[in-house]
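What follows is a set of notes on a single structure, which appears directly below.
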2 protein chains.
Amino acid sequence: MKLTSKGRYAVMALVDLARFDNINPVSLRDISLRQGISLDYLEQIFSKLKKDQIVKSIRGTQGGYVLSKKPNEIKLTNIFHAVDEKVKTVQCKKESKKGCNGKATKCVTHNLWDELETHINTFFEKKSLEDLLKNNTEQRA
Amino acid sequence: MKLTSKGRYAVMALVDLARFDNINPVSLRDISLRQGISLDYLEQIFSKLKKDQIVKSIRGTQGGYVLSKKPNEIKLTNIFHAVDEKVKTVQCKKESKKGCNGKATKCVTHNLWDELETHINTFFEKKSLEDLLKNNTEQRA
DNA sequence: ACTATACTTGACCAATTTAGTCAGGTATGT
DNA sequence: ACATACCTGACTAAATTGGTCAAGTATAGT
Ligand code: FES
Ligand code: FES
């Protein structure tokens, strides 16, 4: 089970954005430089974040991105959903009654993986961008 | 974040084994048929489980595999460790002081991913094979 | 009006990982 | 002897990841 860079980068970038967008929009170039993430890759990520209305874009010189909501309203769940970083523990179709290897019934471990998925998602639903900002300033103090 | 088949199959196979090894060793062929997992793939998995002393093997006709420990002593952690299904949320080296993109310090989200990793591992440390057996017989009742 | 900045879109790709298969072995109970 | 079933290592097709590249479009400042 591993977290992909896309998910990790999305959160890194948004924390960066949240810290610097107080006055002006933040350009992806700045985030790219500060966080060491490829600019081209960031553009892909932000187009998805925009589609889910987590950020707003301002074009032109001095343009950039701004958060659409307050940091405490942006949960990790929302971010991950936007960039298609989903937790997937089972292989069987969720809706179907069929099991994972084409069996007629759900396999012996199906419930376990469901529990696991819930367990992980709970974490993502609790954590907001604000939590991360707090954590970060505490560290610097 | 997704669970690989190897990890899922390992647990499925061990639950199956735990349910049927009361009297005789269980052959991989039986597990393969019951669980719908490729025999060749199961062999790879069981060689790892054996290396970590989760199962014992008995060769020859009427041979097969047996659990080395009681179901309540086998945690998911042990199983996953054996088959190299590890939880990996950060890209940076754990021991190194350096961050994930070659930066001099840990990135703004490092602590978060660490927390996440702990959160997931806690689940794996709590759950034992026995829990799964119980769950399964309850379902059948 | 021009230009630099910065968002926008879509195609493309190399490297890695996954989820196996295949081909041979070796040990052992009957 | 022979069938069963473990054992070992090499190999591979397909998917995923983590990007790059190219060609735009919109806007602020001069
Ligand atoms: S995981 Fe859903 S049936 Fe096996
Ligand atoms: S995840 Fe460890 S430094 Fe970024």
Side-chain angles (χ1 to χ4, degrees), chain A residues 1-10 12-13 17 20-21 24-51 54-66 68 80 83-91 100-102, chain B residues 1-10 12-13 17 20-21 24-51 54-66 68 80 83-91 100-102:
Chain A
M1 305 205 73
K2 67 168 174 254
L3 191 67
T4 64
S5 306
K6 193 178 282 186
R8 201 170 26 238
Y9 287 170
M12 280 172 74
L17 182 55
F20 290 97
D21 83 342
N24 300 313
V26 180
S27 74
L28 292 189
R29 209 178 69 92
D30 286 354
I31 297 180
S32 166
L33 290 173
R34 275 194 296 260
Q35 304 298 330
I37 303 168
S38 144
L39 176 59
D40 285 317
Y41 202 23
L42 272 180
E43 284 174 341
Q44 282 183 43
I45 293 172
F46 271 76
S47 93
K48 296 189 180 213
L49 292 174
K50 188 188 171 186
K51 201 183 296 170
I54 291 169
V55 295
K56 277 183 294 199
S57 67
I58 292 133
R59 299 181 77 149
T61 319
Q62 304 300 328
Y65 284 94
V66 190
S68 305
F80 279 1
V83 299
D84 307 309
E85 171 85 39
K86 37 180 167 274
V87 178
K88 201 170 174 238
T89 57
V90 296
Q91 200 162 24
C100 48
N101 291 320
Chain B
M1 301 207 76
K2 68 169 173 251
L3 192 65
T4 65
S5 307
K6 191 178 283 187
R8 201 172 25 238
Y9 287 169
M12 281 172 74
L17 183 55
F20 291 96
D21 83 342
N24 299 314
V26 179
S27 73
L28 292 190
R29 208 179 69 91
D30 287 355
I31 298 180
S32 164
L33 291 173
R34 275 195 295 260
Q35 304 300 329
I37 303 168
S38 144
L39 176 58
D40 285 316
Y41 202 22
L42 272 180
E43 284 176 340
Q44 284 181 41
I45 293 171
F46 271 76
S47 92
K48 295 189 183 218
L49 292 174
K50 189 188 170 187
K51 202 182 295 170
I54 290 169
V55 296
K56 276 183 294 199
S57 68
I58 292 131
R59 300 182 75 148
T61 318
Q62 304 300 326
Y65 285 94
V66 189
S68 305
F80 279 0
V83 299
D84 308 310
E85 172 85 39
K86 36 182 168 275
V87 178
K88 204 174 171 233
T89 57
V90 295
Q91 200 162 24
C100 47
N101 290 320

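Values reported hereafter were calculated over all heavy atoms of this structure, with side chains retained and with hydrogens, waters and symmetry mates removed. Lettering follows sequence order; numbering is per chain, from 1.
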Open item on the list: Walk me through whether A/Lys56 and A/Ser68 qualify under side chain to side chain donor-acceptor pair (under 3.5 Å).
Closed with: CA-CA 6 Å; A/Lys56 277 183 294 199; A/Ser68 305; 5.5 Å; no

Task: Short side-chain N/O contact to C/dT3 OP1/OP2 from A/Thr61, under 4.0 Å - done: no

Open item on the list: Can you see if the side chain of B/Ser57 gets near the phosphate of D/dC7 - specifically, an N or O under 4.0 Å from OP1 or OP2?
Closed with: yes

Whole-Å gap separating [atom2] ([N]) and [atom1] ([X]):
X       : N      : atom1 : atom2 : value
B/Leu28 : D/dC7  : CG    : P     : 8 Å
A/Lys86 : D/dT16 : NZ    : P     : 10 Å
A/Ile45 : C/dT9  : CD1   : C1'   : 16 Å
A/Gln62 : D/dT27 : CD    : C1'   : 11 Å
A/Leu42 : D/dG18 : CG    : P     : 14 Å
A/Lys48 : D/dG18 : NZ    : C1'   : 12 Å
A/Lys50 : D/dT25 : NZ    : P     : 15 Å
B/Asn24 : D/dC6  : CG    : P     : 13 Å

TODO: Output yes when a side-chain donor or acceptor of A/Asp21 lies under 3.5 Å from a complementary backbone atom of A/Tyr65, and no otherwise.
DONE: no

Open item on the list: Please check: side-chain N/O of B/Glu85 versus main-chain N/O of A/Met1, any donor-acceptor pairing under 3.5 Å?
Closed with: yes

Open item on the list: What's A/Val26 touching, base or sugar-phosphate or nothing? Going by heavy atoms closer than 4.0 Å.
Closed with: sugar-phosphate

TODO: Remember a base hit wins even if backbone is also touched, and classify B/Tyr65 as base, sugar-phosphate or nothing at under 4.0 Å, heavy atoms.
DONE: sugar-phosphate

Open item on the list: I need the A/Thr4 OG1 to B/Lys2 NZ distance, nearest 0.5 Å.
Closed with: 9.5 Å

- [ ] Hey, which sits more toward the 5' end of DNA chain D by its nearest nucleotide, B/Arg29 or B/Ser47?
- [x] B/Arg29

Open item on the list: If you compare all heavy atoms of A/Leu3 against all heavy atoms of A/Phe80, which two are closest, and at what distance to 0.1 Å?
Closed with: CD1-CZ, 3.9 Å

TODO: Heavy atoms only: give me the nearest B/Ser5-A/Gln91 pair and the separation to one decimal.
DONE: OG-OE1, 4.0 Å

Task: Nucleotide-resolved protein contact map, nucleotides 15-24 of chain C, B/S/- at heavy-atom distance under 4.0 Å - done: ---SBBBB--

Task: Base C/dT8 to side chain A/Arg59, donor-acceptor N/O within 3.5 Å cut-off - done: no

Donor-acceptor pairs under 3.5 angstrom involving side-chain atoms of residues 37-49 of chain A: please list them, not counting sequence neighbours.
| from | atom 1 | to | atom 2 | distance (Å) |
| --- | --- | --- | --- | --- |
| A/Ser38 | OG | A/Asp40 | N | 3.4 |
| A/Ser38 | OG | A/Tyr41 | N | 3.2 |
| A/Ser47 | OG | A/Gln44 | O | 3.2 |
| A/Lys48 | NZ | A/Asp84 | OD2 | 2.9 |

